[in-house]
Amino acid sequence: MSEYKMDQPVGASPLDRGVQGIIGEPLNRVEGRRKVAGDVPYAADHKVEGKLAVGVAICSTIGFGRVKGFDTSKAEAMPGVLAAIVDDPRIPRETAGFSDEKLVTGNDRVDSYGQSLGVVVAETFEQARAAANAVKVEYDPGEGRFDAGAGRGGARPLGDEGMVPDTTVGDIDAAMASAPHTLDRTYETPSHAHAAMEPHAAIAVWEGDSLTVYTSIQITSGAKKKLVNTLGLGSDKARIVSPYIGGGFGGKGGLGTECVLAAIAAKRIGRPVKLVITRQQLFHLVYRRSDTVQRMRLACDADGRLTAFGQDSIVSQNDGRPFYEPVPLGSLALYAGANRSFTTKAYTLNIPHCGSVRAPGEAVGILGVECAMDEMAEQLGMDPVEFRKLNEPEKDLTRNRPFSERQLVQCMEEGARRFGWERRNAKPLQEREGEWWIGRGMAAAIRVNMLTNAQARLRIEPGGKVVVETDMTDIGTGSYTILSQIAGEILGMPIESVEVRLGDSLFPAAFGSGGSMGAASSGSAVALAAEDAVAELAARMGTSVKDLTLKDGHAIAGNRRVPVGDLVAQKTIETTGTIKPGAMAKQYDQAAYGAHFVEVAVSGVTGETRIRKVTSVFAAGRILNAKTARSQAIGGIIWGIGEALTEEAVTDPRYGNFANNDLAEYHVPVHADIPHLDVTFLPELDDKTNPLKIKGIGELGIAGIGAAVNNAIYNATGVRVYEFPITLDKVLAGLPAEAA
Ligand code: MOS
């Protein structure tokens, strides 16, 4: 078994040696045709033995208080109803969670609206839904804290408790007091929902005391542990299967309520149970992204060099939950400034608790940073790109460590060139087309790069077929494809000869998809397993790895060219690769970078913003597949545009519910909102990151783009909005009369 720990820079990557020529190519998704033909099972589609019953969650209709009692008699008498379960102590009170420990359980108290209290199971979905609504719950309502604005005053410092511990360098107050140019500005972002296309769903099947749950989850091995701990099962008594996922965005990171409720219901009625969280329930039954308040402090000397750079933020969380939105995660290393402050405070809101949503940290944190940078550049009379280039640090000044690879300046320069940045007017309200004011803005993108423990198994079966197995998942990002490419490249196999099997907790554990570290972690494990297979093939060819060439399904050494299928005809090759993070993660500041350039048109009559043009350039290590990488990038950019212009989960402060809990009212961009997106990746190899020399790209695109939109709106209209999303009413309020 090949095990590798990232304690030193990698020398030659296994991918450097491959000659199959499929790494980096814009290959189609290997499962793409089957997906668009409706031929792969999403969570609720799996066919199972036995007659499937349907569960629907019973959800609280108050936001805070105690449950005094349930009356299920009416529900139980309704047509098709098999059970109305409110008496199981394992009913989760927590919506979902990442850690291995059990979900918080118990339906005697409510601390967020829409929390699960039980499950009704019936022959059909309609019967179950009607009966779930007919379960009477008697509450003793308490005083919940529902109002974001009201709670922030009492926020407590998180210190070391936050995911980014509070850090100060130098004396930011003194620097602010003495600098010729300062900016002290506060930006706000609202709660966000994941809004994945596929709802959370589970099918639970018991065979004796063994449970299989088919579900839609990003991280199967962690969820399996949490499932057995929540239900009180032996560790080998549960299996999670999640081969295809219609978007996760962090919301499917940890075990969800649906898995536990379906398992409880299936055991109770002795039949398999399917439970799909409805779109309206999802907003309350999955954790949200915290609202944030970000105080940005910047000070510059007379030449525009930053002397202070600070981001002090306030986030919310429901009581007793460990996750705090890591607002400054990407900000720490972005720019120069000898005096620095990054602190986070938290306050309690009794609304659905907070967790990972699409680039936790950067997606919101870079908004504050990059809007403030634009405003400071204006104050200095400098071009925003030039101001950022002037403040490019030689190292991470917060943690005092070198960068691994960083091409932020190159991204900005290439982006400016491709976009035609020289056409930008230095001042607002200069360019109009009818009622539309035209403006241009830019912002930097950064997303931390991570690596985590992962394992993969690889077999070369008689006939030469390669099978890769790991519990990594494909959340719609292309994992099947890039893992096929990695194995194919190293083993000299066309991609059709590689079958990748994912998303089953029985496979070797690879963490899964999350934190933009899935490709690096699982991909490295696959590469290491493939390397061992190469060594075995060399031995069977009677040659050394150095003298062996693998291409098009053949092993070539000296003057011999043998089909790999022949080399395994007698004996399958089976190998396992294990990657572990190491010292490189601490010694170097690792991140993927980018720059976004945006052109907007803003109506002088209504304040409506239209995105006209987006150019984004990224540098994110080796790119495994130009097509899936671009898709990841544009997905992030589109989310970021929504975050800038429309996205907001609106709490009703009277009840603690989200008032806009469906996709008609929770506005995310649709095709008509998005122009062609010009995306480029710069060549880069990073030998400090992982054996593939790649970086995570899943959450890079969303970082910064919203600030580029805001900066472009200012450039068009002269209106700066400090409270996201930048809805038309906020722009309109600031427009001068002559803009109409
Ligand atoms: Mo992601 S929000 O780390 O799945």
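All ligand and atom numbering here is 1-based and tracks the order in the structure.
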Distance only, no hydrogens: is a donor on one side chain within 3.5 Å (strictly under) of an acceptor on the other, for Ser521 and Thr452? no

State whether a side-chain donor-acceptor pair under 3.5 Å links Ser316 with Arg288. yes

What short N/O contacts, under 3.5 Å, does ligand 1 make with the protein, listed by atom pair and distance?
{"residue": "ligand 1", "atom": "3 (O)", "partner": "Gly515", "partner atom": "N", "Å": "2.6"}
{"residue": "ligand 1", "atom": "3 (O)", "partner": "Glu699", "partner atom": "OE2", "Å": "3.2"}
{"residue": "ligand 1", "atom": "4 (O)", "partner": "Gln218", "partner atom": "NE2", "Å": "2.7"}
{"residue": "ligand 1", "atom": "4 (O)", "partner": "Gly250", "partner atom": "N", "Å": "3.2"}

Take His192 and Tyr666 through the test ring pair (Phe, Tyr, Trp, His ring centres under 6.0 Å) and record every step on the way to the result. CA-CA 9 Å; His192 292 147; Tyr666 187 86; 7.4 Å; no

For the backbone of Gly250 and the side chain of Tyr287, can you confirm whether one donor and one acceptor N or O come within less than 3.5 Å of each other? yes

Quick check against the 3.5 Å criterion: does Asn690 have a side-chain atom that pairs as donor or acceptor with the backbone of Ser524? no

Approximate separation, where rounding is to 0.5 Å, of Gln115 CD and His284 NE2: 12.0 Å

